[in-house]
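The basis for the numbers below is simple: all heavy atoms, side chains too, and nothing from hydrogens, waters or symmetry mates. If you're wondering where the values come from, they're calculated on a predicted model, not measured in any experiment.
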Amino acid sequence: MKKKLPIGIQSFSRLRDEGCLYVDKTEHIYNMITTGGGVYFLSRPRRFGKSLLISTLDELFRGRKELFKGLFIYDKWDWTQYPVIRMDFGKRTFGSPEELKISLDDFVNAVANKNQISLQERTLNGKFGELIEKLHDSTGRGVVVLVDEYDKPIIDHLTNKEKLRANKEILHNFYQVLKASDDYIEFIFLTGVSKFSGLSVFSALNNPVDITLNRKYTSLCGYTQEELEYYFTDYLDEIAEYKNMSRDELLEAIKFWYNGYSWDGKTSVYNPFSTLLLFMNKEIDNYWFRSGTPTFLMNLLKTRNQLQPVLEPFQVSSRVFDSYDPENIEEIPLLFQTGYLTIKQKVEVSTTRIQYVLGTPNEEVKVSFFEYLLNAYTEYPLSQIQGFVGNMQQQIYEGDTSALEQNLRMLLAHIPSILHVEAEKYYHSLFLLLMKMLGFDIQGEIMTNIGRIDAVWHQPGLTVVAEIKYHAEKDIDSL
């Protein structure tokens with residue numbers, strides 16, 4: 001009998017109590033918490049199982065052994081009960097710095113009340129430090145602190161420098177309490193999308209061990225190919241029968257569409273959110289992208305006209321992954337940390353120098369990303385952009401240049417006048433974006449012995465060379 005899919009369930013206890021399917025990650029968790037180091041940080045894109053991981057750690061440190069029966073860690077952990085402080089910024093309010101302070105204060109008071117602790121301090125940071133000390137003293141155990149989406153108060157205000165700076169200061173002071181309370185703390189684990197250097201959180205926490213790119217933990221979140229085929233075998237058989245496909249054909253299609261996220265260039269994983277919805281709906285679709293449209297990111301890429309990172313794989317140094325300042329956003333770290341780029345290959349240039357090849361993870365991200373980028377460039381409705389795709393692809397294969405020209409003119413005509421950029425590179429990027437969306441393996445800026453070609457793409461039995469020209473005053477009669 002198939003186990004229930006944990007759609008939308010981020011609570012480990014609920015997942016286990018309801019008999020839902022759980023891909024066992026407790027071996028990774030056991031290795032992490034028993035190999036030394038008391039402060040850890042993990043960055044993963046949204047909808048990647050970070051909250052479930054935090055919930056699992058919560059139940060583990062609370063000593064709820066019965067929830068882990070049948071899992072790797074069940075007979076290996078000593079099940080000591082620790083006091084746990086679990087903060088989930090995804091559930092807290094911080095529309096303004098004042099709301100962030102109030103929300104944090106309410107949280108500290110709630111934890112104190114739940115543990116029947118009376119706090120005497122008046123300030124937020126004073127109460128937080130007192131809470132940690134009294135939890136330690138009342139139980140005789142070190143306190144475990146789990147922080148989910150630690151960076152959300154920053155990410156939500158990337159376009160508002162005043163709120164961003166104020167929230168940075170509040171969080172820095174709040175996290176500084178953890179460093180000052182080191183004698184009372186057993187373990188700290190933080191998750192988030194980004195690692196911000198300008199936030200000072202990491203220096204405040206005495207430099208957490210960043211396991212984001214650690215090869216031992218590349219599959220701590222997400223499903224490997226082996227896990228997909230083992231845990232979801234009944235669902236795979238059901239979909240294969242429903243779609244009249246062989247199991248191998250189905251696996252190949254699922255892999256092409258959803259697999260490909262990697263943090264070491266070797267181990268690749270599936271996004272759990274998309275995978276679970278695939279098995280529920282029995283249809284391959286763009287589930288992850290629809291769960292949150294990155295409007296700010298799209299507008300940033302359009303403003304800087306920097307599309308090369310999403311058009312084809314490229315190489316960067318390891319410094320890209322260190323951290324970055326939220327007040328001086330760079331496209332590549334942001335694209336990587338939010339899941340639109342991933343590590344395709346790790347290149348050891350020398351014993352002391354490592355380079356990484358980055359590219360889009362899979363077809364789900366690629367197709368949807370191009371659609372939203374094209375929408376940002378043209379402000380054409382997504383539904384109509386999708387309608388263009390099928391028509392233009394057929395027109396190119398059939399050599400119907402008149403119809404193709406008409407569609408291109410319609411697309412360009414819909415760009416609002418305030419968005420028009422008097423530069424050829426803007427329309428060059430727009431054209432490359434469109435052809436990528438049509439599914440063509442296109443390359444731009446190709447250098448030859450007689451000059452530069454704007455764009456070339458190949459398909460079986462077909463090679464197309466394109467030259468893009470822009471003139472601010474005159475009409476151009478030909479494409």
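More than 12 heavy-atom neighbours from other residues, nucleotides or ligands sit within 6.0 angstrom of CG on Asp75. Lys216 NZ: 12 or fewer foreign heavy atoms inside a 6.0 Å radius. The 12-atom threshold is exceeded at NZ of Lys2, counting heavy atoms of other residues, nucleotides or ligands nearer than 6.0 Å. Within 6.0 Å of atom NZ in Lys344, more than 12 heavy atoms from other residues, nucleotides or ligands are found, so the atom counts as buried in its surroundings.
Of the candidates Ile85, Val143, Leu190, Ile185, Ile185 is the only one forming a side chain to side chain contact (heavy atoms under 4.5 Å, CB included) with Leu178.
With hydrogens and angles disregarded, no donor-acceptor distance shorter than 3.5 Å links the side chain of Asp151 to the backbone of Ile154. Between the side chain of Asp88 and the main chain of Gly90, a donor-acceptor pair closer than 3.5 Å is present. Listed for the Thr35 side chain is a donor-acceptor partner under 3.5 Å among the backbone atoms of Asn31. Thr139 places a side-chain N or O within donor-acceptor distance of the main-chain N or O of Leu135, the cut-off being under 3.5 Å. Under a 3.5 Å cut-off, the side chain of Glu252 and the backbone N or O of Glu249 do not form any donor-acceptor pair. Side chain of Ser55 to backbone of Phe12: a donor-acceptor contact under 3.5 angstrom is found. Between the side chain of Ser181 and the main chain of Tyr184, no donor-acceptor pair closer than 3.5 Å is present. No donor-acceptor pair under 3.5 Å is formed between the side chain of Tyr223 and the backbone N or O of Asn271.
With a 4.5 Å cut-off on side-chain heavy atoms, Asn214 and Thr218 do not count as touching. Considering only heavy atoms from C-beta on, Lys25 comes within 4.5 Å of Tyr22 through its side chain. When side chains are defined from C-beta on, Leu42 counts as touching Cys221, because their heavy atoms get closer than 4.5 Å. For the pair Phe41/Ile188, no side-chain contact is recorded, criterion being any heavy-atom separation below 4.5 Å from C-beta on. For the pair Trp77/Thr34, a side-chain contact is recorded, criterion being any heavy-atom separation below 4.5 Å from C-beta on. Inter-residue side-chain proximity for Arg86 and Ile54 is flagged as met; some heavy-atom pair is nearer than 4.5 Å. In this structure, Phe174 and Asn125 have side chains that are in contact, with non-hydrogen atoms separated by less than 4.5 Å. Between Tyr82 and Arg62 there is no side-chain heavy-atom pair separated by less than 4.5 Å.
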Do Ser246 and Asp248 pass the side chain to side chain donor-acceptor pair (under 3.5 Å) test, and can you show the C-alpha distance, the side-chain angles, and the key distance before you say yes or no?
CA-CA 5 Å; Ser246 71; Asp248 287 343; 5.5 Å; no
Could you walk me through whether Tyr235 and Leu228 pass the side chain to side chain contact (heavy atoms under 4.5 Å, CB included) check?
CA-CA 10 Å; Tyr235 285 95; Leu228 181 89; over 6 Å; no
Step by step, would you call Glu149 with Lys50 a salt bridge (Lys or Arg N to Asp or Glu O under 4.0 Å)?
CA-CA 8 Å; Glu149 296 190 61; Lys50 299 188 298 294; over 6 Å; no
For side chain to side chain contact (heavy atoms under 4.5 Å, CB included), just list the numbers for Asp24 and Tyr231, CA-CA rounded to whole Å, side-chain angles, deciding distance to a tenth of an Å, and then say yes or no.
CA-CA 9 Å; Asp24 189 359; Tyr231 287 97; 3.4 Å; yes
Run the salt bridge (Lys or Arg N to Asp or Glu O under 4.0 Å) test on Arg247 and Glu229 for me, step by step, so that the C-alpha distance in whole Å, both residues' side-chain angles and the decisive distance to 0.1 Å come before the verdict.
CA-CA 10 Å; Arg247 185 184 176 94; Glu229 295 184 35; 5.1 Å; no
Could you walk me through whether Thr191 and Val147 pass the side chain to side chain contact (heavy atoms under 4.5 Å, CB included) check?
CA-CA 6 Å; Thr191 75; Val147 185; over 6 Å; no
Take Ile343 and Val357 through the side chain to side chain contact (heavy atoms under 4.5 Å, CB included) test and state the conclusion after the steps.
CA-CA 6 Å; Ile343 297 175; Val357 177; over 6 Å; no
Can you list the steps and then say if Asp264 with Lys346 is a salt bridge (Lys or Arg N to Asp or Glu O under 4.0 Å)?
CA-CA 7 Å; Asp264 65 353; Lys346 182 178 178 181; over 6 Å; no
Passes salt bridge (Lys or Arg N to Asp or Glu O under 4.0 Å), Glu283 versus Lys243? Steps please.
CA-CA 9 Å; Glu283 294 293 346; Lys243 301 188 78 66; 3.1 Å; yes
Pair Phe89, Tyr150 - check ring pair (Phe, Tyr, Trp, His ring centres under 6.0 Å), show working.
CA-CA 6 Å; Phe89 280 98; Tyr150 92 97; 8.1 Å; no
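Heavy atoms only, all atoms of each residue included: Pro45 and Gly339 are closest at CG-CA, 3.5 Å. Taking every heavy atom of both residues into account, His157 and Asn167 meet most closely at CD2-ND2, 3.4 Å. The shortest non-hydrogen separation linking Thr360 to Leu341 is N-CD2, 4.0 Å. A pairwise comparison of heavy atoms in Asn286 and Glu364 identifies C-OE2, 3.4 Å as the closest pair. Here the closest heavy-atom approach between residue Leu15 and residue Pro6 is recorded as CD1-CB, 3.7 Å. Closest of all the heavy-atom pairs between Thr212 and Asp210 is OG1-OD1, 2.6 Å.
You'll find the ring centres of Tyr258 and Tyr270 outside the 6.0 Å limit. A ring-centre distance under 6.0 Å is not found for Phe48 and Phe273. Ring centers of Phe279 and Phe232: under 6.0 Å apart, within the cut-off. Taking the ring centroids of Phe369 and Trp288, they lie at or beyond the 6.0 Å cut-off.
Remark: Glu18 engages Lys4 in a salt bridge, criterion side-chain N to carboxylate O under 4.0 Å.
The closest side-chain donor-acceptor pair between Asp105 and Asn109 falls under 3.5 angstrom.
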Got a list of side-chain donor-acceptor pairs under 3.5 Å for residues 65-73, not counting sequence neighbours?
residue, atom, partner, partner atom, Å
Glu66, OE2, Arg64, NE, 3.4

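Listed by chain and number, the residues in a salt bridge (charged side-chain N to carboxylate O under 4.0 Å, His left out) with Arg44 amount to none (sequence neighbours excluded). Annotation: side-chain hydrogen bond (donor to acceptor under 3.5 Å, both in side chains) contacts of Asn362 (sequence neighbours excluded): none.
Taking the six-membered ring where tryptophan is involved, the planes of Trp79 and Tyr74 are tilted, since the angle between them lies from 30° to 60°.
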